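Inspection log for the structure reproduced underneath, given as structure tokens.
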Amino acid sequence: MKKFDTIVLGCSGLIGITLIGLLKNNKTLFVSRTKPKNISKNWKKIDLDKDIKSLPKNVKKIFFLSSPYYTINNFKKKNVYLKELKWLKKVINNIKAKKFIYLSSSSVYLRNHQIGKYKKKCEDFLRKSDIPVLQIWRPYNIVGIPQKKLSDHFHNILIKKSIIGKLKSYNFRGSQNDIRGYSSVEKFCKILIKKSNNNKNFTYNYGNHNGIKMKEVVLIFNNILKKKYNKSFSAKFNNSFSNKNIINKK
């Protein structure tokens, strides 16, 4: 087997695909269940629910991005996000790494959030392990060029319903005054890589403290629709109570 010093687990999502474009050395192995379009070599098909013994046993660095998709259907299934903890345990038991970079979520701060609940369990498990250097990232609202399989975050549902589904209107959960602080996936990944070269343990909240309301996102989206397709889209919201998911300025 070719020798690799870095493994990226879960490279088919938005962050993983961006890392493929930034980690261009031949000593990085990219792993996922489905093959990303922008990769020609150093990719291995692995289903973390199955045998992973074909992966390298010793590496310098692991980027763990694998997680069940953020979709409404997954939210309806009981304990589907528990899979991530099982995957982590399997990886830790089979691969020795000097550094482990784990992608957690800002949802750990939300009460009774299905993803946040299991992300906390994953973080706790990793802290109790014997990894020499552990870096945990909690990103807020990362966005970039849409991928083949879209999550059910608000901005992606806009694309699914108006462009893919060709609907003229849709009723969204939440409030038009909900606030989100969006961050560029490319900028995030560049900082992720840079920090991974440090021999320091940390848990890091990453995000943009400048927020935008959902009704403003819809306005921007409609301006683009009008220019590109001469169409408009009506977004309706089911909740009058607003919430904020944005990083603290401190």
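Since the model is a prediction, treat every value here as computed from it, not as a measurement.
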(request) Decide yes or no for Leu9 and Leu55: does some side-chain heavy atom of the first lie under 4.5 Å from some side-chain heavy atom of the second? (result) yes
(message) Donor-acceptor pair, distance only, cut-off 3.5 Å: does the side chain of His153 make one with the backbone of His155?
(response) no
(message) side-chain contact (heavy atoms from CB on, under 4.5 Å) for Phe125 and Lys89? Distances and angles first, verdict last.
(response) CA-CA 8 Å; Phe125 166 73; Lys89 290 179 178 179; 3.5 Å; yes
(message) Test of understanding: clusters of I, L, V, M, F, W, Y form through side-chain heavy atoms closer than 4.5 Å, transitively. Do Val31 and Ile17 belong to the same one?
(response) no
(message) Any non-hydrogen side-chain atom of Ser54 less than 4.5 Å from a side-chain atom of Lys44?
(response) yes
(request) Might you work through the side chain to side chain donor-acceptor pair (under 3.5 Å) test for Thr203 and Trp137, ending with a clear yes or no? (result) CA-CA 6 Å; Thr203 299; Trp137 290 82; over 6 Å; no
(request) Step by step, work out the side-chain contact (heavy atoms from CB on, under 4.5 Å) result for Leu82 and Lys86. (result) CA-CA 7 Å; Leu82 179 60; Lys86 294 179 180 178; 4.2 Å; yes
(message) If you apply the rule side-chain contact (heavy atoms from CB on, under 4.5 Å), what do you find for Ser32 with Trp43, and how did you get there?
(response) CA-CA 8 Å; Ser32 59; Trp43 175 79; 2.8 Å; yes
(request) Would you tell me whether Asn197 and Lys61 have side-chain atoms, one donor and one acceptor, within less than 3.5 Å of each other? (result) yes
(request) Kindly compute the distance separating CG (Asn238) from OG (Ser175), expressed to the nearest 0.5 Å. (result) 10.5 Å
(message) Let me confirm one number: the OH-CD distance from Tyr81 to Gln114, rounded to the nearest 0.5 Å.
(response) 6.5 Å
(request) May I ask you to test the Phe154-Arg180 pair for a side-chain heavy-atom distance under 4.5 Å? (result) no
(message) Please check: side-chain N/O of Lys99 versus main-chain N/O of Ser196, any donor-acceptor pairing under 3.5 Å?
(response) yes
(request) Report the distance from atom OG of Ser169 to atom CG of Leu167, rounding to the nearest 0.5 Å. (result) 7.0 Å
(message) Determine whether a donor-acceptor pair (N or O, by modelled atom type, separation under 3.5 Å) exists between the side chain of Lys195 and the backbone of Ile193.
(response) no
(request) Over all heavy atoms of both residues, which pair between Tyr182 and Met214 is shortest? Give the atoms and the distance, please. (result) OH-CE, 3.8 Å
(request) Would you give the length of the straight line joining atom CZ of Phe172 to atom CG of Leu158, rounded to the nearest 0.5 angstrom? (result) 4.0 Å
(message) Classify the ring geometry of Phe64 against Phe100: parallel below 30°, tilted from 30° to 60°, perpendicular beyond 60°.
(response) parallel
(request) Examine Leu65 and Ile39 and state if one hydrophobic cluster contains both, with Ile, Leu, Val, Met, Phe, Trp and Tyr joined whenever side-chain heavy atoms are less than 4.5 Å apart. (result) yes
(request) Measure the spacing between CD1 of Ile179 and CG of Asn210 and express it to the nearest 0.5 Å. (result) 11.5 Å
(request) Taking all non-hydrogen atoms of both residues into account, name the closest pair between Pro139 and Leu103 and its distance. (result) CG-CD1, 3.9 Å
(request) Before accepting this row, confirm whether a basic side-chain N of the pair Asp178/Lys213 lies closer than 4.0 Å to the acidic partner's carboxylate O. (result) no
(request) Can you label the angle between the Tyr204 ring and the Phe202 ring as parallel, tilted or perpendicular, going by 30° and 60°? (result) perpendicular
(message) Are Leu134 and Tyr118 linked, directly or through intermediate hydrophobic residues, by side-chain heavy-atom contacts shorter than 4.5 Å (ILVMFWY only)?
(response) yes
(request) For Tyr109 and Asn245, run side chain to side chain donor-acceptor pair (under 3.5 Å): C-alpha distance rounded to whole Å, both residues' side-chain angles, the deciding distance at 0.1 Å, then the answer. (result) CA-CA 10 Å; Tyr109 296 112; Asn245 184 242; over 6 Å; no
(request) Would you kindly confirm whether Val185 and Ile220 end up in one hydrophobic cluster when ILVMFWY residues are joined by side chain heavy atoms under 4.5 Å apart? (result) no
(request) Examine distances only and state if a side-chain atom of Lys90 and a backbone atom of Leu48 form a donor-acceptor pair shorter than 3.5 Å. (result) yes
(request) Give the intermediate values and the outcome of side-chain contact (heavy atoms from CB on, under 4.5 Å) for residues Phe188 and Tyr206. (result) CA-CA 8 Å; Phe188 170 67; Tyr206 180 92; 3.4 Å; yes
(message) Just by distance, no angles: are the side chains of Asn222 and Lys231 close enough, under 3.5 Å, to form a donor-acceptor pair?
(response) no
(request) Compare every heavy atom of Cys122 with every heavy atom of Leu88, then report the nearest pair and how far apart it is. (result) CD1-CB, 3.4 Å
(request) Taking all non-hydrogen atoms of both residues into account, name the closest pair between Lys57 and Asn94 and its distance. (result) CD-O, 3.5 Å
(request) First locate atom CG of Leu225, then atom CG of Asn230, and finally report the distance between them rounded to the nearest 0.5 Å. (result) 10.0 Å
(message) Same cluster or not: Ile15 versus Ile136, using hydrophobic residues (I, L, V, M, F, W, Y) connected whenever any side-chain heavy atoms lie under 4.5 Å apart?
(response) no
(request) Verify whether one side chain among Lys41 and Asn26 offers a donor that lies under 3.5 Å from an acceptor in the other. (result) yes
(request) Give the minimum heavy-atom separation between Ile92 and Ile131, together with the two atoms involved. (result) CD1-CD1, 3.6 Å
(message) Let's go through Glu84 and Lys119 carefully: what are the C-alpha distance in whole Å and the side-chain angles of both, what is the deciding distance for salt bridge (Lys or Arg N to Asp or Glu O under 4.0 Å) to 0.1 Å, and is it a yes or a no?
(response) CA-CA 8 Å; Glu84 187 173 336; Lys119 287 288 189 182; 2.8 Å; yes
(message) Using modelled atom types and a 3.5 Å cut-off, is there a donor and acceptor pairing between side-chain atoms of Gln135 and backbone atoms of Asn198?
(response) yes
(request) Determine which pairs satisfy salt bridge (Lys or Arg N to Asp or Glu O under 4.0 Å) with at least one residue from residues 122-134, sequence neighbours left out, and list them in order. (result) Glu123-Arg127, Glu123-Arg138, Asp124-Arg127
(request) Could you tell me whether the side chain of Ser107 and the main chain of Gly116 form a donor-acceptor pair under 3.5 Å? (result) yes
(message) Show, in sequence, the C-alpha distance, side-chain angles and deciding distance for Trp87 and Asp49, and conclude whether the side chain to side chain donor-acceptor pair (under 3.5 Å) test is met.
(response) CA-CA 7 Å; Trp87 295 342; Asp49 285 324; 2.9 Å; yes
(message) Minimum heavy-atom separation for Ile164 and Lys160, please, with both atom names.
(response) CB-O, 3.4 Å
(request) Could you tell me whether a side-chain N or O of Ser183 sits under 3.5 Å from a main-chain N or O of Asn208, the two making a donor and an acceptor? (result) yes
(request) Answer yes or no: is there a side-chain heavy-atom contact under 4.5 Å between Leu192 and Leu19? (result) yes
(request) Mind telling me whether Phe233 and Phe221 have parallel, tilted or perpendicular rings, with 30° and 60° as the class edges? (result) perpendicular
(message) Measuring only between side-chain heavy atoms, which start at C-beta, is Val59 closer than 4.5 Å to Lys96?
(response) no
(message) With a 3.5 Å distance limit and no angle check, can you tell me whether Asn177 reaches the backbone of Ser242 through a side-chain donor-acceptor pair?
(response) no
(message) Has Asn171 got a side-chain atom pairing as donor or acceptor with Phe237's backbone, closer than 3.5 angstrom?
(response) no
